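Take a look at the structure below.
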There are 2 protein chains.
Amino acid sequence: MEQPSTIASPRGAAAATIEEVAARAGVSRSTVSRVLGGGDRVSPAALESVRRAIDELNYVPNRAARSLASRQTLAIALVVPEDTTRFFGDPFFASLVTGINEKLASTDYLLNLFIASGDPGDKTTNYLVGGNVDGALIASHHASNTFLERIHRAVPVVFGGRPLVADLSGYYFVDVDNVEGARIGTRHLIDRGHRRIATITGPLDMPVGSDRLQGFRAEMAAAGLKPGPAEDGDFTVDGGTEAMQRILAAGVPEAVFVASDLMARGAIGVLRAAGLRVPEDVAIVAFDDSPVATTMTPRLTTVRQPSREQGEAMVDVLLARLAGAEPPHTTILHTELVIRETA
Amino acid sequence: MEQPSTIASPRGAAAATIEEVAARAGVSRSTVSRVLGGGDRVSPAALESVRRAIDELNYVPNRAARSLASRQTLAIALVVPEDTTRFFGDPFFASLVTGINEKLASTDYLLNLFIASGDPGDKTTNYLVGGNVDGALIASHHASNTFLERIHRAVPVVFGGRPLVADLSGYYFVDVDNVEGARIGTRHLIDRGHRRIATITGPLDMPVGSDRLQGFRAEMAAAGLKPGPAEDGDFTVDGGTEAMQRILAAGVPEAVFVASDLMARGAIGVLRAAGLRVPEDVAIVAFDDSPVATTMTPRLTTVRQPSREQGEAMVDVLLARLAGAEPPHTTILHTELVIRETA
DNA sequence: ATGAAAGCGCTAACAT
DNA sequence: ATGTTAGCGCTTTCAT
């Protein structure tokens, strides 16, 4: 060991620089840089000695310097404009992140996750706009316009879900056909012979929320039925509970189309507490097909949303853009009905 | 515009540089830099014109350049060496992240989250070692030594839980007193008059796993009781299910100390399926006091672990180190028993 | 209070 | 195949 262990300070030993590696290997900076870049146009001898020097010095290139010079970071941000409770509570994010992570694992890009709830000081935004990542994935939902637009202007972005902006042109996003999904789910209820059908929606200021309500209404209309009450369940278990209570207060429906599995869980709890059987007294079709759909009893009949594939598709589109290709601005994924026990 | 707009590419308009801001404001780079740094030793007039220029140009400092020069990034990494399933499935991480996030929100530091499951190419490690963050928080668990040590050597690190390294000296960590917690939980079972007590453990290659088993055994020994079977439930619902099945196969215990809420959920499912009542036939004390403890029926009697406080404490220690202070290497948090319905 | 000048550690032409 | 030369955009002495 030639390096004395200087490590009494918080940061470890002063990091070796490319210059030191070059000196030790008896070559120039450029040669070391070439080795770092894949070892092309480097003699076997030089390559060997550089590699050894890197090893001995425990050298890792300084990324700030590297990105400053090369204008790329090899990092991709996933921004989730939600608070931690929602982020961890909603299984949608788990699948989305899983899809993204897996797709990115085989590339040189590293995924940075930002849980940017309120972020008063715009720390996250400045970080992204400041050139710290090559591209960003945003699980849009109900983020404020300025926030989205600032990032979108500075760095290639792909949205998960339809971004909430005035003018969609120029934006890239991967969305699920929520209108279609809601129609499929509602249709199943109608096919089962139900007529008085209520719905529990997500927040209507979110595209996912309003799209699913729209699908519900469209399908009811197509069947010549008058839609029952629609109550906002906030995409949470508790919200679903309260929404169901409000619906019940107005009379017991034959069936309920619930716009997420989580809300369905809350709703079913209320139904049972009221002595109503599912599906015998009230049938339920939910939306998501997340793990809770099979974990709870009775197991949910639900509209499957391909969240993981959505994550993968987002990465595909972003990577294509970063590679200079021209992927389609809009990618739409489809849903399918999974019939289990609640309808 | 002296620079031709080469940017038909994905990224938006070329970002303004400090030089352009200076020119527009009619001052030097240095003055702009001072304004950026807080506006000290700058005349009101200059300050005003620089601010306007920044605004008009939509200027955001390039962070790579800034960190290269200033040797700090204002970013802090949270590294979770787990796969996404575990990360999202275990409520422990949700509270930990919540605590960390909240504590960091009021500082200038930005939290970068890395879900570094396998990471074959060491992308995450190189990112951290490459100086991309000022410090790192690691939810340690069962990460490989080399991984932890490489990061620890390069950047100030604080671990959540006791890191799995040969020599603990030099490491900073915030841990929960798991031995004590397990003793408290086990004691409660003994106090209730139970004698034949089994345990479902976490993986024993994790400090949390072995500590809780050790506490269970210590308390049983202190009471002069022979510990019942111990089965590894992997800290998951399914693992808990299987562990309980193995225990049952060897005979029905009077009580089980289960080292996590999630595993208790699986275990109770098995018990009920076997026609056994909880707590009448088999009493259960779990560990965590996560949201599932009150969500399920019956509600869990469990040892409360302050995960959120743990996250906050981790940030405190790291921030202290970054500020040049000398916080204690070890911080131990305590547990308390929460009595509900299962014991 | 302000500017000039010297890097931070790296990549990327451009020579050779 | 290798070295030389410029920067990348910023902070930071050091003068003034």
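Everything quoted here is computed from the prediction, not taken from an experiment.
- Here A46(B) lies in heavy-atom contact (under 4.0 Å) with sugar-phosphate atoms only.
- Judged by a 6.0 Å distance limit and a 45° cone about the ring axis, R321(B) is positioned over the six-membered ring of Y172(B).
- Checking the phosphate oxygens (OP1, OP2) of dT2(D), a side-chain nitrogen or oxygen of S43(A) falls inside 4.0 Å.
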Indicate every side-chain donor-acceptor pair of residues 158-167 of chain B with a distance under 3.5 Å to a residue at least two apart or in another chain.
from, atom 1, to, atom 2, distance (Å)
R162(B), NH2, D211(B), OD1, 2.8
R162(B), NH2, D211(B), OD2, 2.3
D167(B), OD1, S169(B), N, 3.1
D167(B), OD1, S169(B), OG, 3.1
D167(B), OD2, S169(B), OG, 3.0

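- Rounded to an integer number of Å, the gap from L68(B) CG to dC8(C) P is 9 Å.
- Test V133(A), L318(A), L322(A) against Y109(A) for side chain to side chain contact (heavy atoms under 4.5 Å, CB included) and you get one pass: L322(A).
- One can place CG of N62(B) at 14 Å from C1' of dG7(D), the figure rounded to the nearest angstrom.
- In this view, E309(A) and R304(A) satisfy the salt bridge (Lys or Arg N to Asp or Glu O under 4.0 Å) rule, not counting sequence neighbours.
- Other residues, nucleotides and ligands contribute over 12 non-hydrogen atoms within 6.0 Å of the CZ atom of R86(A).
- Under the ring-ring contact (aromatic ring centres under 6.0 Å, His included) criterion, F114(A) pairs with Y127(A), sequence neighbours left out.
- Here the P atom of nucleotide dC10(C) and the CG atom of L57(A) are 11 Å apart, to the nearest Å.
- Contact annotation: T17(A) side-chain N/O to dG9(C) OP1/OP2 distance is not under 4.0 Å.
- For the helix from dA1(C)-dT16(D) to dT16(C)-dA1(D), the rotation axes defined at the first and last 5 base pairs enclose an angle of 30°, given to the nearest 10°.
- Residues V60(B) and R41(A) each lie close to DNA chain D; by heavy-atom proximity, the contact nearer the 5' end of the strand is made by R41(A).
- When each of L110(B), L319(B), N112(B) is paired with I76(B), the side chain to side chain contact (heavy atoms under 4.5 Å, CB included) condition holds for L319(B) and for no other.
- Not counting sequence neighbours, Y59(A) has no partner by the ring-ring contact (aromatic ring centres under 6.0 Å, His included) test.
- OP1 or OP2 of dC10(C) has not a single side-chain nitrogen or oxygen of S67(A) nearer than 4.0 Å.
- Counting to the nearest Å, the C1' atom of dG7(C) and the CD atom of E19(A) are 13 Å from each other.
- With a 6.0 Å radius and a threshold of 12 heavy atoms from other residues, nucleotides or ligands, R24(B) has its CZ atom above the threshold.
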- [ ] Scan nucleotides 11-16 of chain D nucleotide by nucleotide, 5' to 3', and note B when protein non-hydrogen atoms come under 4.0 Å of the base, S if they reach only the sugar-phosphate, - if neither.
- [x] BB----
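- OP1 or OP2 of dA4(C) has not a single side-chain nitrogen or oxygen of S28(B) nearer than 4.0 Å.
- Atom P of nucleotide dC10(C) and atom CD of E20(A) are separated by 9 Å, given to the nearest angstrom.
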